[in-house]
Amino acid sequence: MDERTEQLEILEGCVEDITFRNQETGFTVLELSSGGALYTVVGNTTDLQVGETVKAIGNFVTHPTFGPQFKARLMERQMPATASAILKYLSSGAIKGIGPATARKLVEAFGSQTLEVLEKEPERLRCIKGFSAERIEKISEEVARIFGMRTVMLFLASYGITPAESVLIWNKWGLKTTDMIFENPFALCAADLGIAFERADRIREAVGISEDSVCRVRGSLVYILTQNLHNGHTCLPLEPVLEMAGKLLSSSLEAMEAAVKQAIKQGELVASEWEDRIYLYLPELYQAEEYCAERFLLATENCDASPLPMDKLLNDLGKNQEMVYDGAQKSAIVSALSKGITVLTGGPGTGKTTTVNAILSVLERRGERVLLTAPTGRAAKRLQEVTGREAKTIHRLLEAGVTSAGAYKFARNRQNPLLCDVLIVDEMSMVDITLMSHLLAACPLNARLVLVGDHNQLPSVGPGNVLRDLIDSEAVPVVTLNKIFRQAEESAIVTNAHRIIKGEQPDLKIRSSDFFFLSSKENKETAKTVCDLCSYRLPGSYGFDPLWDIQVIAPSKIGEVGTMELNRLLQESLNPPAKNKGEVTFGAVCFRKGDKVMQNRNNYDIQIVRTDTGEVSQGVFNGDIGVIESVDRGSEVITVRFEDKIADYAKEQLFQLELAYAITVHKSQGSEFEAVILPLLPGHRNLYYRNLFYTAVTRARKLLIILGREETVTKMVNNDRKSRRFSNLRRLLQRSEEAK
């Protein structure tokens, strides 16, 4: 029976022990004493301590290994009332500055009134030896924090906010939470909290704010812009924003226009006019776009004043490396050595890696300090492999972390810049405007930038279209590599990729060593073939590892050949259940020891351990792929080993993970795999277009197998749909360039 239809039960008692707690999510496993018996209770709560009285509302369940447990959907906490319970509570370290010995002194002095004294009359502690004014003040502040947290958690629960969501809200606003929500419940719709507008609207009604309030209209505008960040827009034209808000609110145009003006006046939104059209921004996106334009243009003025004997240098370089560079490669090398910014773009097999290696060779000979970075772990690892030099992800390079309020921060910034003369960024098509602004802020003003990427790839998952805007602006030096080199010409993957991007049909009849098209008409037949190829055909014929060498990539998540269904089938085939494999079910997905998984959002707060150094730090990022190393059946905590780090996930954090035997084309950006299997059967036109097909094909390093219908391939190549992204970076660069 679905637990939502079961009658809820109540279990009330005293907390005897805390078995497990995840501070980030509030997920807790505890032992509860009730009616002379001891029960294991699992659920979400914050800072619960031994000795507290708890009323847990939920259901008894039977764990396959650990037996009966009470799964609490809500825990109502009451402070311990008796002297003995208070002594146990304070002795557990619940309040900083009070240990077992001090707890005994307090209870002996105030008995069952101890907690009331600590909260309301802390000055009475002066009568106890060892309590200085400074110590009393610190304890008083800690008690205020704990009691405030308790009040806030109960307040949020009364409005349907889950414990996991409450933790995020508390981390952001702390004791100000109640005031914030009474003043403007739509602040809950911020990107870092993720509460839907409809839920915030119900809270607005519950706290008595009128339907025609200005905060409701302003909240809808901010919510629309926040949601459209996921569509890649840094801003939106005013007219469609008003139209969407009108549908959301059923409000008049006049009311919304007035709300826009007020939101701009109060700094909640920023308006920018271009070509007689007004664009609305969230302030942080406006600042990021303006700052990036300013820094890119500043870099164009940063030229090497010392003359370089380029002809001799290039000849010597070619002889030393036994290479012959073509004209475009030579231009890229010269530009990277003499100009403040160089964009190097080109498709597969055009020599980008060779060119970057040549640039590195000369820079090192000149004694310049060079840093290499890429947006994802896999991209950084590949950059390190092909250059033989250390490369880091952008987040790791900038030393990403979190503030005490739960917001992310970078230790490397304008005040603490990177130590480099040249910064080389690979896979630039994946870098969004926000991350680019942080990277530029940490880059010394006199450092040169070499930005490398394929502008025909899909744009970044985050907002903006940085690489394409830089190229289209014509405001910065761009070198495009077009020539396919002889070795690459032997690869049908490379030659077909170039055919696709030119709008030509790939040769599907070719039977080369690295490219195969297998005709398949039906969904179920195709899905079965995908499983067969992953499970035994490719491992048997090529020796590929099914987890790490083979990647299934599909255009869509849904459908019989979408990633969700393929992941279910591939999990059954590659990692079936077994007695020695722990597993946790979250929603419709079963996560099992040995599963291949992917992080689906940035989490700057999660603690990780570096596998190479043992260093403890923070951060797992969107697109990181790993394998589940263990599942603790008692606490339902999952340990995932990524390429260079290990992270633990409580059950309530599993929304951040998804199975990754099959991934979407968008999620595959920046990665290369030894073998790619690409199922292509008829689907939604918006997901079946040329650039997406090109991106999928270029993910394969040694082998590409396309399964499906030839007419689907034809339609994808012919559909030269460009996903429109609202961004003004190109205009900012052009306007500033014209003003010079």
Side-chain angles (χ1 to χ4, degrees), residues 1 3-23 25-95 98-119 143 146-147 149-151 153-154 157-158 162-164 166 582 584 632-637 650-652:
M1 183 185 294
E3 70 174 77
R4 290 172 295 181
T5 65
E6 291 185 78
Q7 186 174 353
L8 296 178
E9 302 172 80
I10 296 176
L11 184 65
E12 192 167 358
C14 180
V15 178
E16 294 292 330
D17 189 25
I18 304 291
T19 308
F20 173 83
R21 171 182 289 138
N22 186 297
Q23 294 288 1
T25 66
F27 178 70
T28 304
V29 180
L30 58 88
E31 298 297 324
L32 191 72
S33 175
S34 177
L38 201 61
Y39 298 91
T40 298
V41 178
V42 298
N44 283 81
T45 183
T46 305
D47 278 6
L48 191 67
Q49 298 294 340
V50 170
E52 290 192 65
T53 299
V54 174
K55 182 164 73 173
I57 302 169
N59 298 99
F60 283 100
V61 297
T62 301
H63 192 281
T65 302
F66 296 94
Q69 295 180 341
F70 191 85
K71 187 174 183 180
R73 295 168 67 176
L74 179 66
M75 285 195 242
E76 294 182 359
R77 306 162 60 189
Q78 301 168 351
M79 292 304 287
T82 67
S84 61
I86 291 171
L87 177 60
K88 183 183 290 186
Y89 171 69
L90 293 177
S91 297
S92 70
I95 298 174
I98 298 178
T102 304
R104 185 167 296 280
K105 286 182 184 179
L106 290 169
V107 174
E108 285 174 353
F110 305 115
S112 61
Q113 301 300 309
T114 301
L115 295 179
E116 190 175 343
V117 170
L118 288 173
E119 181 187 11
V143 169
I146 290 171
F147 278 64
M149 181 186 294
R150 183 183 312 280
T151 303
M153 296 290 281
L154 289 172
S158 70
T162 69
S166 295
V584 174
D632 186 298
R633 287 174 163 144
S635 63
E636 295 187 308
V637 170
K651 184 173 181 178
E652 281 62 34

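Given the structure is predicted, the values throughout are model-derived calculations rather than measurements. Computed over heavy atoms, backbone and side chain alike; hydrogens, waters and symmetry mates excluded.
Partners of Ile10 according to the side-chain contact (heavy atoms from CB on, under 4.5 Å) rule, which considers only residues two or more places apart in sequence or in another chain, are Lys55, Ile57. Leu38 pairs by the side-chain contact (heavy atoms from CB on, under 4.5 Å) definition with Glu16, Glu31, Ser33, not counting sequence neighbours.
Ala83 and Gly111 get closest at one heavy-atom pair: CB-C, 4.2 Å. Among all heavy-atom pairs drawn from Val143 and Glu119, the shortest one is CG1-CA, 3.9 Å. Closest non-hydrogen pair, Ala72 versus Val41, comes out as CB-CG1, 4.0 Å.
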Under the criterion side-chain contact (heavy atoms from CB on, under 4.5 Å), I'd like the reasoning laid out for Leu32 against Val15: C-alpha separation, chi angles, the key distance, then a yes or no. CA-CA 5 Å; Leu32 191 72; Val15 178; 4.1 Å; yes

Quick one: side chains of residues 100-107, donor-acceptor pairs under 3.5 Å with protein atoms, not counting sequence neighbours, listed by atom name and distance.
from: Thr102; atom 1: OG1; to: Arg135; atom 2: NH2; distance (Å): 3.2

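Atom CZ of Phe70 is separated from atom CG of Asn59 by 6.5 Å, given to the nearest 0.5 angstrom.
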